Each structure stands twice: as C-alpha cells, then as structure tokens.
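In each ligand, atom 1 is the first atom listed, and ligand 1 is the first ligand listed. As the structure is a computational prediction, the values presented were derived from the model and not from experiment.
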Amino acid sequence: MPARAAASALLASLVVLPLVAAADPTPARQSELIHLLRHDCGSCHGLTLKGGLGPPLLPGDLEGLPQEALAAIILDGVPGRPMPPWRGLLPEDEVVWLIGRLQAGIDDAD
Ligand code: HEC
C-alpha cells in the first residue's frame with residue numbers, strides 16, 4: 001500500500017474510533033437527552049419527530065444515512081439553514097448515542 005493510502009487509512013480509523021468506542025451515558029443522563037430530543041430538537045423536528053421546520057427524524061428517514069454524517073450535522077449544524085450547531089452543548093459521545101436512539105426509534109415509554 002502506498003504510504004499516502006496507508007496514512008489516510010490510519011487517519012480514517014482515528015476519526016471513526018472514538019465514535020465506536022463511546023460509552024453509553026448514565027440512565028439519568030439518557031432521560032435528559034430524550035427530553036432534550038423531544039423538546040429542543042422537537043421544536044423544529046416536531047414533538048413526535050415527524051417533521052416540522054426540520055425534516056422528520058424517524059428511523060425510516062435516517063435509515064442508511066451514515067452516523068458520522070448525522071453526527072457532523074448535529075455537532076456543526078447546517079450553515080445557512082435553521083439547523084443550529086450543538087457542539088459545546090452536547091459532547092460527541094452523547095450525539096452518537098442520540099443518533100443510535102433515533103435510528104432505533106423512540107417510543108412513548110421513553
Ligand atoms: C431551529 C430549528 C432546529 C433545531 C432546534 C434542530 N434542528 Fe435539526 N434540522 C433543522 C433543519 C431546518 C434541518 C434541515 C437542514 C437542511 O436543510 O439541510 C435539520 C436537519 C437535521 C438532521 C439531518 C436530517 C436529514 O435527514 O438529513 C438531523 C439528524 C438533525 N437535524 C438533528 C437534530 C437534533 C438531534 C437536534 C437537537 C439536538 C436538532 N436537529 C435541532 C432544524 C433544527
């Protein structure tokens with residue numbers, strides 16, 4: 001493998017690794033995050049996440065979208081669009097956990 005390809009493969013694994021290695025938030029923090037999802041994110045994406053000003057965030061809508069791309073949207077926002085950046089408010093591992101929950105689906109019991 002040319003050195004350059006090896007270097008970029010190494011770089012890719014360094015970028016992806018923290019996402020995979022992240023531990024789940026504590027149960028108390030998980031409830032806070034679900035609350036934030038419904039109320040803060042829900043103010044644009046709909047209380048039931050079926051869409052509003054922002055697109056729907058139900059499992060079928062996020063299916064097949066890479067977690068890294070979704071994490072980048074949530075952390076950095078979408079410039080020029082209403083989607084705000086959450087970096088500084090939500091650490092990366094919590095964002096990754098939220099994406100997992102969105103992709104799995106959140107039911108009313110959560
Ligand atoms: C002020 C309104 C607003 C808030 C608050 C908001 N969003 Fe968004 N969000 C948007 C808009 C508008 C878009 C579409 C951006 C575009 O046009 O590309 C978006 C896009 C997204 C996307 C990409 C969806 C896709 O199908 O590509 C995700 C994921 C997302 N938001 C998650 C969140 C999460 C999680 C929160 C809370 C932590 C949140 N958003 C809070 C307005 C908002």
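Looking only at distances, no side-chain donor or acceptor of H45 sits under 3.5 Å from a matching main-chain atom of K50.
Comparing heavy-atom distances from atom 29 (C) of ligand 1 across D61, L36, L70 singles out L70 as nearest.
The tally of protein N/O/S atoms under 2.8 Å from atom 8 (Fe) of ligand 1 stands at 2.
A distance of 4.5 Å separates CD1 in I34 from CZ in R101, rounded to the nearest 0.5 Å. Expressed to the nearest 0.5 Å, how far CG of L37 lies from CG of L33 amounts to 8.5 Å.
Checking only distances, R81 does come within under 3.5 Å of ligand 1, N or O to N or O.
V78 and L98 end up in the same hydrophobic cluster when Ile, Leu, Val, Met, Phe, Trp and Tyr side chains are linked at under 4.5 Å. L53 is not connected to I74 by any chain of hydrophobic side-chain contacts under 4.5 Å among Ile, Leu, Val, Met, Phe, Trp and Tyr, and they are in different clusters. Cluster membership for I106 and L47, using ILVMFWY side-chain heavy atoms within less than 4.5 angstrom, is not shared. Both L36 and L89 sit in one connected hydrophobic cluster of ILVMFWY residues. Membership requires side-chain heavy atoms under 4.5 Å apart, directly or through other members.
Annotation for Q67 and I99: closest pair O-CD1, 3.7 Å, computed over non-hydrogen atoms.
Residue L53 approaches ligand 1 through these ligand atoms, each under 4.0 Å from one of its heavy atoms: 12 (C).
D40 O, 3.5 Å is the protein heavy atom nearest to atom 5 (C) of ligand 1. The closest protein non-hydrogen atom to atom 26 (O) of ligand 1 is L65 CD1, 4.1 Å.
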